[in-house]
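Take a look at the structure set out below.
Just so it is clear, the values below take in all heavy atoms, side chains as well, and ignore hydrogens, waters and symmetry mates.
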Amino acid sequence: DSQPTRITRDDQGHAVIRSATKQDARSVRPLRSPAPGHIQGKKCASCGYPAAKMRNFNWGSKAKRRRTTGTGRMKYLADIPRHAKNFFRAGTQAKPVAAKAAK
């Protein structure tokens with residue numbers, strides 16, 4: 001009489017043992033954060049996944065601030081001002097400062 005069980009996640013992301021016959025309204029989103037997304041909605045309420053662009057609205061200015069550029073690691077963009085200062089040169093050798101002073 002026992003039904004098969006499986007481990008899923010509830011609204012807060014905690015592991016829950018449920019019967020395998022019960023359909024879940026929410027599931028874990030792939031790629032983005034581990035927060036659950038609504039299955040029937042086919043779109044994440046927070047970020048808009050799987051849309052190509054992130055979900056944001058002008059009425060949510062605080063939410064925009066929390067997830068805009070600069071709130072994360074910025075692995076590539078952090079170096080851009082330094083590269084721009086040197087006119088994006090690459091693969092060259094800087095001329096010695098002493099040689100310039102001797103002339």
Side-chain angles (χ1 to χ4, degrees):
D1 288 39
S2 65
Q3 295 179 343
T5 59
R6 63 180 172 168
I7 297 175
T8 58
R9 298 198 177 273
D10 66 358
D11 294 344
Q12 284 78 36
H14 301 295
V16 177
I17 298 175
R18 290 191 174 145
S19 64
T21 56
K22 182 178 179 182
Q23 288 184 341
D24 292 328
R26 292 170 182 85
S27 70
V28 176
R29 290 182 290 174
L31 288 175
R32 308 243 359 120
S33 73
H38 207 279
I39 290 177
Q40 285 183 332
K42 300 294 181 190
K43 189 184 289 187
C44 175
S46 173
C47 67
Y49 180 88
K53 295 186 178 182
M54 285 282 284
R55 169 190 175 274
N56 67 343
F57 295 100
N58 289 333
W59 49 258
S61 56
K62 280 189 179 178
K64 278 184 174 182
R65 248 180 273 149
R66 289 187 201 109
R67 60 174 68 189
T68 190
T69 309
T71 57
R73 184 176 173 188
M74 291 207 325
K75 184 177 180 180
Y76 173 75
L77 278 178
D79 294 333
I80 291 297
R82 180 167 45 86
H83 291 300
K85 184 177 72 174
N86 297 314
F87 303 107
F88 296 97
R89 66 168 186 245
T92 60
Q93 185 75 28
K95 294 177 181 175
V97 180
K100 289 182 181 178
K103 289 183 181 179

Original post:
Counting N and O atoms only, with roles assigned by atom type, does the side chain of T68 sit under 3.5 Å from a partner on the main chain of R65, one being a donor and the other an acceptor?
Top reply: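 Looks like no, no N/O pair under 3.5 Å.
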**OP:** Grab the two heavy atoms, one from R67 and one from M54, that are nearest each other, plus how far apart they are.
**Re:**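 Shortest heavy-atom separation between R67 and M54 comes out as NH1-CE, 3.4 Å.
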Original post:
Which atoms form the tightest heavy-atom contact between A78 and P81, and what is the distance?
Top reply: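 So the minimum-distance heavy-atom pair works out to O-CD, 3.7 Å.
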Original post:
Can you check whether R66 reaches T71 side chain to side chain, under 4.5 Å on heavy atoms?
Top reply: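 A side-chain contact under 4.5 Å is absent here.
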**OP:** State whether the number of non-hydrogen atoms from other residues, nucleotides or ligands found under 6.0 Å of F57 atom CZ is greater than 12.
**Re:**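 Correct, the count exceeds 12.
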